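What you see is a predicted model; the values in this text were computed from it and never measured. Below, chains carry the letters A, B, ... as their sequence lines are ordered, and counting in each starts from 1.
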Amino acid sequence: MSALLPLLVGVPLLGAACSLAVIRSRPVQRVISVVCSGSVVGISIALLIDVDRNGTEVASIGGWPAEIAINLVADRFATLMLTISSLMLLAVLVYAMGQRTDHERSRFFHPAYLALIGGVCGAFLAGDLFNLFVWFEALLIASYVLLTLDGTDDQIRSGTTYVVLNVIESFVLVTGVALIFAATGTLNMAVLPERLAELPDGIQLGLNLLLLIAFGLKAAVFPLYSWLPDSYPAAPSPVSAVFAGLLTKIGVYAIIRTQTLLFPDTNRTLLLVIAGLTMVVGVVGAIAQSDMKRILSFHIVSQIGYMIMGVALGGVVAITATIFYMVHHIPVKTSLFLVEGIVERETGTSSLSKVSGMARRSGPLAALFLIPAFSLAGLPPFSGFLGKTAVVTEGLQQRSWWIVAVALAVSLMTLISMLKIWTGAFWGAPDPADEDAREGDGVLRHHRLMSAVTGAVVTLTLAIALFAGPIYRFCERAAADATDPLAYALAVLP
Amino acid sequence: MSVEQALLIGLMAGAGTYLALHRTLTRIILGLGLLGNAVNLLILTSGDGPGEPPIIGREGEFTDPIPQALVLTAIVIGFGVISFLLAMAYRAWTIDGNDEVEDDISDRQLADRAAETGDADTAPGREGGS
Amino acid sequence: MSAVVDVVAAVLLLTGSGLALIAAIGLFRMPDTYSRIHVATKPATLAVVCTVGAALLRVPDLAPTSKLLLAVALQFWTAPVASHMVGRAAHSAGLRPDEPWVVDDLATIEGDAGFSAGEGGDADDR
Amino acid sequence: MTAVVWVCGIMLGAAGFLTTIHVIRSRNLADRAVGIDMLIAIVLNSLAVSIAFSQDDLFAALVLIIGLLAFLGSVTIARYIEERGP
Amino acid sequence: MSRLTTPVFLLVVWLAVWGEVSVVNVVSGIAVVAIVSLLFRRVQPGRHRIHVVGLVRLLAVFVWRLLTSSANVVLTVLAPTPERLRSGVVGVELSDPSPLVATIVSDAISLTPGTLTLEARFPNPGPDGPLPPTLFIHVLGLDDAEAIRDDVQRLEALVLSAITPNGLDREAAPDREGGS
Amino acid sequence: MIPLLIAHLVVAVACLAAGRAGARWALPFAALAPAATFVWLVAQAADVLDGDSPTSTVEWIPEFSLTIALRLDGFGLLMGLIVSGIGVLVLLYSTQYFGRRDDLGRLAGMLVGFAGAMLGIVWADGLLTLFVFWELTSITSFLLIGFTDKVEAARAAANRAFLVTGAGGLCLLAGLIILTITGDATTISELAADPPSGTLTNVALVLLLLGAFTKSAQFPFHFWLPGAMAAPTPVSAYLHSATMVKAGLVVVARFAPTFAAEGPWRWLIVGAGLSSLLLGGVRAMRQQDAKLALAHGTVSQLGFLMVLLGLGTSAATYAGVAMLLAHALFKAALFLCVGVVDHETGTRDMRRLRGLRRALPIVAASVTVAAASMAAIPPTFGFVAKEKALDGLLDNEIGAVGTVALIGIAIGSVLTVAYTIRIAVGLLGDDAPGIDVDHAPIDPASLHRPKPAFVAVPALLAVSSIVAGLAAGPVGRWLADVTTSLDEKTATKELKLWPGVNEALLLSTAIILAGVALWWFTRPSTRTVDARQSLATDIYDRLYDGLLDGARRTTVLTQSGSLPFYLAVVLTTLAAALGAALIAGATDSIASPRFSNSAVEFVAVVVTGALAIAVLAARTRFVAAVLLGGSGYGLAIVYLVQGAPDLAITQFLVETLTIVVFLLVLARLPSDFLPAPAWAPRIARITIAVAVGATMSLFALSASGSRTAPSAGEAYVALSEPEAGGRNVVNVILVDFRGFDTFGEITVLAVAGAGVINLVRAARREQRRKHIEDGTDVAPPETEVDRQVGAWR
């Protein structure tokens, strides 16, 4: 089964190459993308089942001994993230193909998107710090291209912020990786825990902070988040959907990985404070906005706070809660952006002052928005409630009162801003000036593929809520994997 | 890592930082270039001290080959990124004739609105309720 | 044998370095850019050929030799193109020496519709 | 041979120094381009001298590549001059 | 110049870069050359025939000119006089329309210290096909423009005797050759 | 029970999904679910009252005590009957009220969905189960209040109601989770069996009460309820008088017997309950809209119920349950009557209504009966229940709190009587002053008569108020059985229509007389007054606006939109982090480092550094770019000295390529830099730069000085030739040991190339379009390749 691991990276990248080769034929590009993306989903699911049954799978690239090779390591945590991510990537891909104006879009969408998939898979699987950096770079550069796909004024301006800050992130990351190598002489994440533990405290702290800053920037954690709300809204809708759902979560994934695997014994009070600030600053920003995409973008930041809170609380239960939160959050956030995309395609704007009455124009679309919106605000019985409750319960168990208070207050404010979108865009009378506004089910029928995909993703979020028990138990096993450096080392170095 | 190497790293990083804190995209890119050089040197010197190039058959104490391989990768990646940024600068020029990085429009609008007192976006429907 | 080779190599080295130095001096002594192109780039190229030739003599292995030979060939191929490009660019960008040229055939055909630009000379018709 | 190399080194060093001054002092791009071309030629010379002296083939590839790159650089600068003026 | 000349030449360069004739290098070289040839198949010079003797003679003359003019320039630098510093741009009309020949000629001019091709102008094609180009040459130490023109034309004749464009292969070539 | 809830869900979804197609059949169809529930409950009643409590549990995430645990006890049975019974009635009433409309499917779906959620609350045994259904009712309430979403006021009211109850819900959630932790229990019955105590538990209980207060519209969270009257009247009748607002009471009733004696519970209950009772009463006196007056009355009545159910004594609890039933009956009846009036006359303003006694006799009779029940006039059930309540409170067994409660309730009851009379007279009286010329009193003669089915529902409810009052004995015994599930001591309690002359009766009489007097004397002033928006709503709105405004101000500060500012933040963070590490002792690891490795290195370092500094000073783009390239070349020499020729070659290559690309782009841009930005003084930039540089170099020295183990590089050197067959170890690493990195690197390069081409093409496209627009359509500029091709031809 471990032979499948390199395929996860290789297939999409090969697809990207083929896609570049057939750049003149969009249909062929589409077929390639769907096939590659689909096979990544298939492989991920197969791995998920296999890893859950047989434990961590390791592939040493090039067949070298695991001590010196670059390893791809698929434990339950990694495969879980892989599965959910690849599902989202496939969904958004199909959604993007359903966009009517796709023919105007750049032909580089498909290659860049496939490269993004490859990078994401690589980042999840990397068992070597520098390799992690490389795949981070791959997915970042693909994201740069996707963000500036149309090359419009907006995209260039916000793209500049995005690219420049992410380049800084890369520098910080590679500095951290290099200095970890300087101090330990290895990059193998299975060997690193014991070597890092031998280092003096000051050095450990510095190395840890370097990685935290790098991944924190990617995850948009306070005070490194400002780039996100400025840059995501400018991207084409499907792109911002996949960015919103996925990219920051890869940062969180890396934070969890490094915190639990490399620096398990750090004092995380600071991180807890940061988590609180992240939640607050994100949701406050969201409340202040009056544009759907920007509100949703700020919520990414805010929601990251919950995950960081879980990480900061530490311990298997908290990590379980965090992982569950991530699993829930990725499809929820994605679907919100997908709905927004349909609204924007239908009305031509995402400004709340210009859109209204969408609920009257399409009830099903309203439902597609309402479910993930309430989920995001943590209302039962949706998945967000479960995630929030899991995190909050653990916070209370650990007697971290203030962070729980903050978390709950923030979820109320989340609700406020979701209601802002709902009352602004979905309630009220449809704009009478908009003469070709489609009524009733016409909206969804007109965007059939987009709506189908959105519906599927929303259904997925509902399914996560419905089958929360088994999923939570899987998260528990994943967290056990993630928090046990010794087991990781044993799996990689038999 | 010798002291002068560390100093050079710090110097280039500092200079890069200074340049990156400008509004002109060209300057920012130059700054990022310098920062990239600093980081690359840092990677290279993160191994042991200098020595013979690690080529089998040569005499003497080899330097650590791993940092070299890492830097090679990092240099090329850095080049790709810088090229992309330069393409963005070019595109920015074709849009508005310069490469100054403007503030985000929505953020500025928000600031303008916050500056006005009693703006329109207050709680929906004060007149509602009892 | 090796002594002879060494002497030849030493001569080549000295010639090359000398040419380089003279070229550098030339930079200061020439009145205008075009003249500087003559005295700087070209002797410097020859200098490279000389020193690389010396290196060739001293390192007999096939692998480096082939590379060095290639380097010399490359110099012969690229140097004229490079100096031509710089000169042409300077000219088409409007750079003229302080002291006018004694003969300027190029000025007489400016705007002559009978000619189209060759070798990349499209700067004028854009 | 050592003496020869010393002499060469001094000459090349002087040439490099002069050229640098020229590059800094020159008032138009074409002159700078000439100077930069020169500088690279001097670097190539130095490399060749060091190869000849140490009889170590390590830098041979360097000579080849720098030669190529110098050309590339000149052409670019030339194009730059053409678009922007000297 | 057969269709294979360029690829073979490229392959040799490839091998020289690696400095080793091994199976791997040859195979990879053929692959690379094939790709390059495919990519640049439109950028092919016209057919030419190479005369070995002419080529050797061209090289010899060229090296000689290189040495003498280098000495000249060294002299100019060490003892600049107003005569030596006089410069000008001389237009020389070539006799053969082949771009390859024109390129080689102008390269040879540019490589020689003291002369530099500033510009090459191609006249618009005449009824019988392309007309020969005019080179504009910047000369340092110029005293007689006609002498320069003669010089360049002699050089072109030498080149033509080494590399003759196909289809333009004519009896006139030896005549000019004789003039050198 | 689970299947019943699922049935509600399915019916709701079906109605919602049907859209326009469902408009005709949705309401009656929706009534099926509550009707089935009602029937099932009736069938279960005997067993349940015998003490047999059916339970039903679904494990959701048992790992953090999240199970859907339902349990049908007596109280649940009563509440279930109320919820499903009134649910059926309201849905049937709605078919008449709404007539033909497109969006009835939506309405029916949400109503039946609400009914399901409400059933969940009253049956919930699991602590988090309670919360799940609690919030579901908030959601459906939100959607129902906003049913007329074209009206701005309705949207605002919906928001307000949702946010207030949502905030309370979060308090409740926190309280419930703390209780699961302190009580180590997941269900209410487990908690009751083994109640925790201590500060933490008290905090949890306070949070729980806050939740209950918001949901049951208790002071100071009462203001959302009158706003919620923006919903259609059947919805108000169902959610905002009969059922949803009782959710807080349900929670209080379930916890009070166990926890009332704990900490501040009783004082909080009495404080909030009495405040609501009085405030609601006073405000009900000042409303002209009959529905709003009723809503304020509801606030008042809920306060009364809160006190009764929250005191935790068995007498008060028993009276509270009786009162709960009474209130559900009369208040729903009154609302539905107002709905009929509104439907037939087009107004609910009491200043305009007249002549309804003749025009709508059945309605008038129903209003009279229901009002009598509300004012506690015999022989209605309201009287019976209130009598019991006063009786229970007079038997004070809890000290000062009880006394305060009694006095407060007495005063509140006077108000209740007064506003009840006022509403009844306002609706049914013939004296209508009108508001102004445009809003003159209605003309009763022009009214058409409502269909019998329409008025049947309120009439039925009104009749049951009387029937229950007359049958006080059996009803009382039945209620006693019901209430044992809350407090076992209530088993012996009973209700009487005529208990004989006792203290309570005297008090009642005094209250009624005082109430009538109050009405009479305030009549002139309350005839035409119309209350402004309440202070609480003002405060809420100001808070909301303040939050928005504050958010905006904060965001302007944190989100300046300026790239240099963001960069400054990030880089300062970086410097601070490294500085912290250095302070934490990282510098200890710097072990006697050499200053320089060799003279050549020194020269190269100096040159590289000098050129790097020179870049800062460059005033033109070209010079800066070339200097950067020079610095890069210098760095290549440093690499060379370090023993990395391959690296040096690559550095040369890449540096040159970078310069080439740079110049290609710079050729387009203006040659000089603009002045530095105004956002920060130069000194700030220099400070950050120095901080980053200094901390980086110090930390780099420390980290590389603390090497503990040999590098993995040695293994590569050893394996390179024998295993990988290559002599240049670096190359072998790149293509073999770490070939995967190289694979990624190539990806990056290729994608970057694609991105560059994409952007350049975007630029070209636009320029071409501009040219076409300007009428200066020209061929796209030749590329370098084109030119070369041209040169060869």
>> Is A/S353 in contact with chain B via its backbone, its side chain, both, or neither, using a 4.5 Å heavy-atom distance?
In response: neither
>> Let me confirm one number: the CG-CE distance from A/L147 to B/M88, rounded to the nearest 0.5 Å.
In response: 7.0 Å
> What heavy-atom pair brings A/V163 and B/F84 nearest, and what distance separates the two atoms?
Replying inline: CG2-CE2, 4.2 Å
> What parts of residues 2-11 of chain B touch chain A if we use heavy atoms and a cut-off under 4.5 Å?
Replying inline: none
>> Please identify, among B/L42, B/I43, B/I77, B/L32, the residue contributing the most non-hydrogen atom pairs under 4.5 Å to chain A.
In response: B/L32
> Given a strict heavy-atom distance threshold of 4.5 Å, which part of B/L25 is in contact with chain A: side chain, backbone, both, or neither?
Replying inline: side chain
> For B/V81 and A/E137, which heavy atoms make the closest approach, and how far apart are they?
Replying inline: CG2-OE1, 3.9 Å
> Between B/I95 and A/D153, which heavy-atom pair has the shortest distance, and what is it?
Replying inline: CD1-CA, 3.5 Å
> Which of the residues A/V145, A/V134, A/L140 is involved in the greatest number of heavy-atom pairs with chain B at under 4.5 angstrom?
Replying inline: A/V145
>> In the structure I gave you, are the side-chain heavy atoms of A/F130 and B/T73 within less than 4.5 Å of one another anywhere?
In response: yes
>> Can you tell me which portion of B/L35 sits under 4.5 Å from chain A's heavy atoms? Options are side chain, backbone, both or neither.
In response: both
>> Given heavy-atom pairs under 4.5 angstrom as the criterion, report whether the side chain, backbone, both or neither of B/N40 touches chain A.
In response: neither
> Among A/D230, A/I156, A/I168, A/I141, which has the most heavy-atom pairs under 4.5 Å with chain B?
Replying inline: A/D230
> For B/E61, does the CD atom sit with more than 12 other heavy atoms under 6.0 Å from it, leaving out its own atoms?
Replying inline: no
> Which heavy atom in A/A178 sits nearest to a heavy atom in B/S46, and how many Å separate them?
Replying inline: O-CB, 3.5 Å
